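What you see is a predicted model, and the numbers here were worked out from it, not measured in a lab. FYI, the numbering just counts along the sequence from 1. One-based numbering, in listed order, for ligands and for the atoms of each.
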Amino acid sequence: MLSPKLHAAINEQINAELWSAYLYLSMSLDAENKGLKGVANWFYVQWLEEQDHARILMNYLSSRDCKVELKPIAEVRTQWNSVLEMYQETLKHERVVTGLINNLAAIAMEDRDFASSNMLVWFVNEQVEEEESARDMIFAVESVEGDKYGMYQLDKELAARTYTQASPLAASAE
Ligand code: FEO
């Protein structure tokens, strides 16, 4: 069992991961609506990855004999002014998530809950990647600003992004 504080915080994190999934699905649909199929694909992969993050935490709570409590998922924005704005919001949001993950890691440390600390290492590392990939995308989109053909080429590149199941889930399926 986990401490009540950590149990509640992980349940809140499950909600935050599902909200992230919903946000990126919304960005994907908006990009699709703007005719940017590659950007839509990039955010669609993001929506799948966020669901993995929620799933990992659900599996973890169950494995520690703790109940998963699903809460309502808050509404998300449905329209953005530009692709650049989508990625800027992505970076801002991922920085918030990094703070939440760090908070979970701090509670696990206070609790001397080494299994939880160990599980959270994956999320700490994932957040470094999440922020880096959002920054890379901001740089890529800024570098083609005002260049329609450049944006067309970038969109084609983003269409190639593929989903890979998060490693903790792949490992638990073995
Ligand atoms: Fe679940 Fe994008 O962090």
Side-chain angles (χ1 to χ4, degrees), residues 2 6-32 36 38-64 66 68-78 80 83-109 113 115-141 158-173:
L2 304 180
L6 187 56
H7 181 184
I10 292 180
N11 264 321
E12 277 170 32
Q13 189 64 30
I14 289 167
N15 189 267
E17 298 293 347
L18 292 174
W19 190 85
S20 303
Y22 205 36
L23 174 70
Y24 296 137
L25 177 62
S26 187
M27 287 183 181
S28 177
L29 292 168
D30 192 37
E32 182 94 42
L36 294 160
V39 175
N41 175 61
W42 195 96
F43 281 109
Y44 192 84
V45 170
Q46 204 69 14
W47 128 266
L48 296 174
E49 288 190 356
E50 297 298 347
Q51 290 176 77
D52 278 1
H53 300 172
R55 187 77 235 168
I56 294 165
L57 294 169
M58 290 179 208
N59 288 353
Y60 182 70
L61 283 188
S62 297
S63 73
R64 297 293 307 271
C66 290
V68 174
E69 279 177 13
L70 297 178
K71 304 269 167 56
I73 300 168
E75 197 174 348
V76 290
R77 185 175 170 183
T78 56
W80 285 264
V83 173
L84 183 60
E85 196 188 18
M86 286 183 190
Y87 284 111
Q88 284 168 335
E89 188 172 334
T90 298
L91 178 58
K92 198 170 152 205
H93 176 62
E94 289 301 336
R95 285 178 172 154
V96 170
V97 175
T98 299
L100 297 175
I101 295 292
N102 287 345
N103 188 45
L104 289 179
I107 300 171
M109 208 181 283
D113 184 336
S116 296
S117 294
N118 201 29
M119 181 277 293
L120 288 165
V121 166
W122 185 88
F123 282 91
V124 169
N125 293 334
E126 176 68 11
Q127 282 313 118
V128 174
E129 281 182 31
E130 291 278 66
E131 289 191 27
E132 186 182 14
S133 91
R135 280 199 312 275
D136 287 350
M137 287 310 308
I138 289 171
F139 180 76
V141 175
L158 299 181
R161 185 183 187 200
T162 55
Y163 160 74
T164 309
Q165 190 175 47
S167 58
L169 290 178
S172 66

### Query
Does the distance from a Lys or Arg side-chain N to an Asp or Glu carboxylate O, for R95 and E89, drop under 4.0 Å?
no
#### Entry: Basic-acidic side-chain contact under 4.0 Å: R77, E85
yes
### Query
Got an N, O or S from E130 under 2.8 Å of atom 1 (Fe) of ligand 1?
no
### Query
Taking both backbone and side chain into account, is any N, O or S atom of E94 nearer than 2.8 Å to atom 1 (Fe) of ligand 1?
no
Can you tell me which N/O/S atom of [X] has the shortest distance to atom 1 (Fe) of ligand 1?
{"X": "H53", "result": "ND1"}
{"X": "E17", "result": "OE1"}
{"X": "E50", "result": "OE1"}

### Task
Measure centre to centre between the rings of Y87 and F43, then say whether the value is under 6.0 Å.
yes
### Task
Please answer whether the main-chain N or O of L2 pairs with a side-chain N or O of D113 as donor and acceptor at a distance below 3.5 Å.
no
### Message
Is it the case that the side chain of W122 and the backbone of P168 share a donor-acceptor pair, with hydrogens and angles ignored and the cut-off at 3.5 Å?
### Response
no
### Task
Give a yes/no answer: is there an N/O/S atom of E49 under 2.8 Å from atom 2 (Fe) of ligand 1?
no
